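Hydrogens, waters and symmetry mates play no part in the numbers below; they use all other heavy atoms, side chains included. Each chain gets a letter, A, B and so on, in the order the sequences are listed, and its residues count up from 1. Just so you know, these numbers come straight off a predicted model, no measurement behind them.
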Amino acid sequence: MKKRLHDVLKTVVEKLGVPSPEIVIELPREESFGDLATPVAMSLSKILKKPPRKIAEDIAGAIEEKEIFEKIDIAGPGFINFTFSKAYLHSELRKIITDGPAILRENIGKGKRIQIEFVSANPTGPLHLGHGRGAAFGAALANLLTAGGYKVEREYYINDAGKQVLLLGKSVFARYMHLCGAGEYAFPDDGYRGDYIEDVAKEFKKEVGKKYCHSALKESPQQGIIAAQEFAYGKMLDIIKKDLGEFGVLFDTWQSERELYKSSDVTKAIEDLRSHGHIFEKDGATWFRSTDFGDDKDRVLVKQDGEYTYFTSDIAYHRKKIEKKFDELIDIWGADHHGYIPRVQAVIQALGYPKESLRVLLVQMVSLLRGGKPVQMSKRTGEFVSLREVIAEVGADTAKFIFLTRRSDSHLEFDLEVAKAQSAENPVFYVQYANARINSIFANAKTKGFDTGGLEDTDLGLLSAQEEVRIIKKLLSYPIIFEGAVIAHEPHRITFFLQEIAGMFHPYYHKYKVVTDDIRLTGARLSLCEAIRVVIKDGFEILGLSAPERM
RNA sequence: GCGCCUGUAGCUCAGUUGGAUAGAGCAACUGCCUUCUAAGCAGUAGGCCAGAGGUUCGAAUCCUCUCAGGCGCGCCA
């Protein structure tokens, strides 16, 4: 619809003497204005030195393909409003039914390769709600971009080296010592305290027995701690993978931080930076001069004690990513890491790439509420609600829908009571219900002997009720919404669109009966329902939501 | 103190990257189940777009300042 109009306008405006005009086409705010509108006359008034309304008239008058329009109006300061003919609308609707969702998806990526890294939670505990938001958003974005013609790789970066994993090992080991009755053994001050530590410790004990248990280890527990660390980290990673899998979020690649050390990617990265003169020594440490690239202070790579910082392996990680030559790299981070962006982009530039090579999308914080009251979350004390628990309480679809009805960079209040209420408070059911209702319409049609498979020859001209025309126009605007969502990397636009479609279907369903004695009318209305179902299912697939047959 | 995000209906949030008279859901109130699923439908009500300036044909949207909330500012990860 939009593409067709764009072509029409381009020809006309070029005829008016503007070589390569930028033609903006938008959905008008008011339906009564028409189906599509362009403010192009207003933006041309400066170039052509004529009043916008006059230009609008010239453009409208010069359009040759009048048959696809019912009317063309000039309104307001110089908008040109287009209303499409019923015949054109019906032919476009037909394509949805015969060609399926592919016809609705604009090919924007044109096969470009894009990598999205998301979740990447430390394997030191179960995922919490904030990770869930990142997971839902990242997965939906990946699906959206895939549908938009990109080749997408989903990556999870595993921080399996460094202090946090060691601390996990110490925490589990301390519990283990306690379990096997080794007497007083101090729990690390800043150790992980959740119940899951206890569980892992028990499993660890089952695995290794009392091997590390004798009291001598109290003085030199290194071996036991390492063993506990290896065991626990593997366990946590399994749990994370399982939780993500049950949430419907899958990854193509899992990049281990340890591997970067083992393969000397880390040392190579430092040498790379050094050879370009971005490294210096100070106070017994090795520094990266990130201030040369807009960071507000220089960053330590190798500490006085000879240990690497977290940032160092992250340099290696991003260097490796960039060398894979994706057309676009996306990192999805929790908003609490936003201060980290300048130094990573400094790395990108120091390696000789434009900082735009990496796009960091921030997912804002989630506050968990129950009945309006905040639920405290702290990994340190172990008092936090895991993603698994939330899903068990409210359901995966509900949780995802709540995540995906907001822009990723707006703060989110997640109220368990509101989410759980089995009423229309959960808009996800509203949309799923529309799909389920359509399924039962088709079931009903079948029992009455209609050939629900052969909708290619139905007479769509019979869809003349105002509601039917509105729904058709809405369906045909899906590619426009889709295109905007892909370009802006905003899956939530799809979510809102689906709610609008459902919001048009339900009243229609209530007012008109689809399956009647009128065979031809029934066929036409079944076709409309089929098109709605195609669009809803396509949206759900992108968002990672299930579309139950029955509810 | 500096930086980033946010501020739109009572509540939770959209607002198509600057377009036309400001949108949805929930909550509130009034009605609708012998008819393809009432997780539904019809209707009523609800606004100084935090505030003040500016940019232009045109601002919730862009710029500056103020106020309020959140998050960052380690030789932690």
Are there runs of at least three consecutive Watson-Crick or G-U pairs touching RNA chain B, with each pair's two distances under 3.5 angstrom? Give them by first number. B:1-7 with B:67-73, B:10-13 with B:23-26, B:28-32 with B:40-44, B:50-54 with B:62-66

Applying a 4.0 Å non-hydrogen cut-off, can you work out what A:A436 is touching in the nucleic acid: base, sugar-phosphate, or nothing? base

Not counting sequence neighbours, which residues clear ring pair (Phe, Tyr, Trp, His ring centres under 6.0 Å) with A:Y317? List them please. A:Y157

Only counting residues at least two apart or in another chain, list the ones meeting salt bridge (charged side-chain N to carboxylate O under 4.0 Å, His left out) with A:K297. none

Using the test side chain to side chain contact (heavy atoms under 4.5 Å, CB included), find all partners of A:I438 that sit at least two apart in sequence or belong to another chain. A:F442, A:F505, A:C529, A:I532, A:R533

Using heavy atoms and a sub-4.0 Å distance, could you list which residues of residues 493-501 of chain A are near RNA chain B? By number, please. A:R493, A:F496

Rounded distance (nearest 0.5 Å) linking atom CD1 of A:I330 with atom CD of A:E117: 11.0 Å

At 4.0 Å (heavy atoms only), tell me whether A:R550 reaches a base, stays on the sugar-phosphate, or touches nothing. base

Sequence neighbours excluded, the answer for ring pair (Phe, Tyr, Trp, His ring centres under 6.0 Å) partners of A:F137 is none

Suppose we screen for side chain to side chain contact (heavy atoms under 4.5 Å, CB included). Which residues come up paired with A:I74, at least two apart in sequence or across chains? A:R53, A:A56, A:E57, A:A60

A:Y430 side chain N/O closer than 4.0 Å to the phosphate oxygens (OP1, OP2) of B:A38? no

Going by the rule side chain to side chain contact (heavy atoms under 4.5 Å, CB included), which residues pair with A:D265 if we only count those two or more places apart in sequence or in a different chain? A:L260, A:S263, A:K268, A:A316, A:K320

By side-chain hydrogen bond (donor to acceptor under 3.5 Å, both in side chains) - contacts of A:E467 (at least two apart): A:K511, A:Y512

Tell me, please, which residues at least two apart from A:Q304 pass side chain to side chain contact (heavy atoms under 4.5 Å, CB included). A:D283

Take nucleotides 69-77 of chain B nucleotide by nucleotide from the 5' end and write B, S or -, depending on whether a protein heavy atom sits under 4.0 Å from the base, only from the sugar-phosphate, or from neither. BSBSSSBSB

Heavy atoms under 4.0 Å, any strand shown: does A:I438 hit a base, just sugar-phosphate, or nothing? nothing

For A:F33, the ring pair (Phe, Tyr, Trp, His ring centres under 6.0 Å) test, sequence neighbours excluded, returns none

